[in-house]
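The structure appears right after this line, and notes come after that.
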Amino acid sequence: MTAGTRADAGDGLDVTADGAEISPGVWVASASRADLGDALAHPGDLADAGTRPRWRRAEFLAGRHLLRRLLRRVRPDLAALPLRTDPAGKPRLDAGGAPDLALPGITISHDGDRIAAAVCAHGDVGVDVQLPPDRLTDSTVRRCLGSHAPKVTALPRAWRAREFAWVWTVQEACVKAAGTGMAGRPWSIDVPPGAVSGHWGGFAWLSLRTRSPVPLSCAFHTAPHW
């Protein structure tokens, strides 16, 4: 695992509900539920929402809405396709009768009223958005930051929670891209505090520190070199 700390990594347009290209062929969108407003949901999304607990349905539909909004910008021909969940729990576009259609990787994340979505034209992708936790124990910091924990525990309380959230978004984004989820032991991924870019398990990751008001990171397969 390697990580970079270049101050310019991730510089560019802010990541908003309209999305931004953070790397060639990789787009990320992020918003609050209030930013999205009301929209007519895709029938398949409504059906899927009905299988979730009532208290999660609004969050679920907001995530699907943001993803489809991003797709309408970058791949409008795919924006109305059904979505399915693979055996690992990873969302996928469903080409139905066109199984040979090359489909991008997709991902959605929620935390509180914040939502994020990402699309990768050339492979799997994971995104994670995380609000700084109200309560954060030293043991949690040690578990997720390993040898870097002392640098974070020494920070003032609010900074400590925010830095932890930035690191956790990278760790979560990586295991989402890999399709392993918590079984992939995200806390074991080495992410130095303050790092803005790196590689893990065949994926590149970016921590969008200069482009998002809340901790937001994305992991993805890099574009192929011809």
With heavy-atom distances below 4.5 Å as the criterion, would you say the side chains of [X] and [Y] are in contact?
X	Y	result
Val196	Leu206	no
Glu172	Met182	yes
Trp166	Val191	no
Leu208	Ser217	no
Trp168	Pro186	yes
Ser212	Asp14	no

Any side-chain to backbone donor/acceptor pair from [X] onto [Y]? Under 3.5 Å, distance only.
X	Y	value
Arg68	Ala79	yes
Thr16	Asp18	yes
Gln171	Cys144	yes
His221	Asp124	yes
His148	Pro193	no
Thr153	Asp138	no
Thr140	Leu136	no
Lys90	Val125	yes
Asp86	Ala88	yes

Testing the basics here: between [X] and [Y], what is the closest heavy-atom pair and its distance to 0.1 Å?
X	Y	result
Pro133	Ala165	CD-CB, 4.4 Å
Val175	Gly184	CG1-O, 3.9 Å
Ala41	Leu61	CB-CD2, 4.2 Å

Problem set entry | Partner set under side-chain hydrogen bond (donor to acceptor under 3.5 Å, both in side chains) for Ser32, not counting sequence neighbours |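 Expected list: Asp35.
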Quick one: [atom1] on [X] to [atom2] on [Y], what's the gap to the nearest 0.5 Å?
X	Y	atom1	atom2	answer
His42	Leu81	NE2	CG	7.5 Å
Leu216	Thr169	CG	OG1	7.0 Å
Leu46	Phe60	CG	CZ	9.5 Å
Phe203	Phe220	CZ	CZ	11.0 Å
Cys174	Arg185	SG	CZ	15.0 Å
Asp94	Leu78	CG	CG	11.5 Å

Could you give the side-chain donor-acceptor pairs of residues 48-59 under 3.5 Å, partners two or more places apart or in another chain?
from: Asp48; atom 1: OD2; to: Arg64; atom 2: NH1; distance (Å): 3.2
from: Asp48; atom 1: OD2; to: Arg64; atom 2: NH2; distance (Å): 3.2
from: Thr51; atom 1: OG1; to: Asp48; atom 2: O; distance (Å): 2.6
from: Arg52; atom 1: NH1; to: Asp48; atom 2: O; distance (Å): 3.1
from: Arg56; atom 1: NE; to: Glu59; atom 2: OE1; distance (Å): 3.4
from: Arg56; atom 1: NH2; to: Glu59; atom 2: OE1; distance (Å): 3.3
from: Arg57; atom 1: NE; to: Ala49; atom 2: O; distance (Å): 3.4
from: Arg57; atom 1: NE; to: Arg52; atom 2: O; distance (Å): 3.0
from: Arg57; atom 1: NH2; to: Arg52; atom 2: O; distance (Å): 3.4

For this session: Check Arg157, Arg160, Arg162 against Pro132 for a side chain to side chain contact (heavy atoms under 4.5 Å, CB included) and give me the one that passes.
Result: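 It is Arg162, the one option of Arg157, Arg160, Arg162 that forms the side chain to side chain contact (heavy atoms under 4.5 Å, CB included) with Pro132.
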For this session: Please assess Ile108 against Val127 for the test side chain to side chain contact (heavy atoms under 4.5 Å, CB included), listing each intermediate value before the final yes or no.
Result: CA-CA 6 Å; Ile108 300 170; Val127 74; 5.8 Å; no
Problem set entry | Intermediate values then yes/no, salt bridge (Lys or Arg N to Asp or Glu O under 4.0 Å), Asp128 and Lys176 | CA-CA 8 Å; Asp128 194 66; Lys176 286 183 177 181; 3.2 Å; yes
Please list, one pair per line, the donor and acceptor atoms closer than 3.5 Å that link side chains of residues 19-30 to other protein atoms, with sequence neighbours excluded.
from: Glu21; atom 1: OE2; to: Gly25; atom 2: N; distance (Å): 2.8
from: Ser30; atom 1: OG; to: Arg114; atom 2: NH2; distance (Å): 3.2
from: Ser30; atom 1: OG; to: Ile115; atom 2: O; distance (Å): 3.2

Exercise. Quick one: do Leu70 and Leu36 end up in the same hydrophobic cluster if we chain Ile, Leu, Val, Met, Phe, Trp and Tyr together by side-chain heavy atoms under 4.5 Å apart?
Worked result: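 Different clusters: Leu70 never reaches Leu36 through Ile, Leu, Val, Met, Phe, Trp or Tyr contacts under 4.5 Å.
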Exercise. Linking I/L/V/M/F/W/Y whenever their side-chain heavy atoms sit closer than 4.5 Å, directly or via other members, would Val15 and Leu66 fall into one cluster?
Worked result: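 No, Val15 does not connect to Leu66 through the hydrophobic network.
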Problem set entry | Test log, rule side chain to side chain contact (heavy atoms under 4.5 Å, CB included), inputs Leu67 and Leu83 | CA-CA 11 Å; Leu67 174 62; Leu83 271 65; 3.5 Å; yes
Exercise. Given Leu71 and Asp77, is the side chain to side chain contact (heavy atoms under 4.5 Å, CB included) satisfied, shown in steps?
Worked result: CA-CA 8 Å; Leu71 283 168; Asp77 55 317; over 6 Å; no
For this session: Please report the C-alpha distance between His65 and Asp45 in whole Å, then the side-chain angles of each, then the deciding distance to 0.1 Å, and finally whether the side-chain hydrogen bond (donor to acceptor under 3.5 Å, both in side chains) criterion is met.
Result: CA-CA 9 Å; His65 171 55; Asp45 297 343; over 6 Å; no
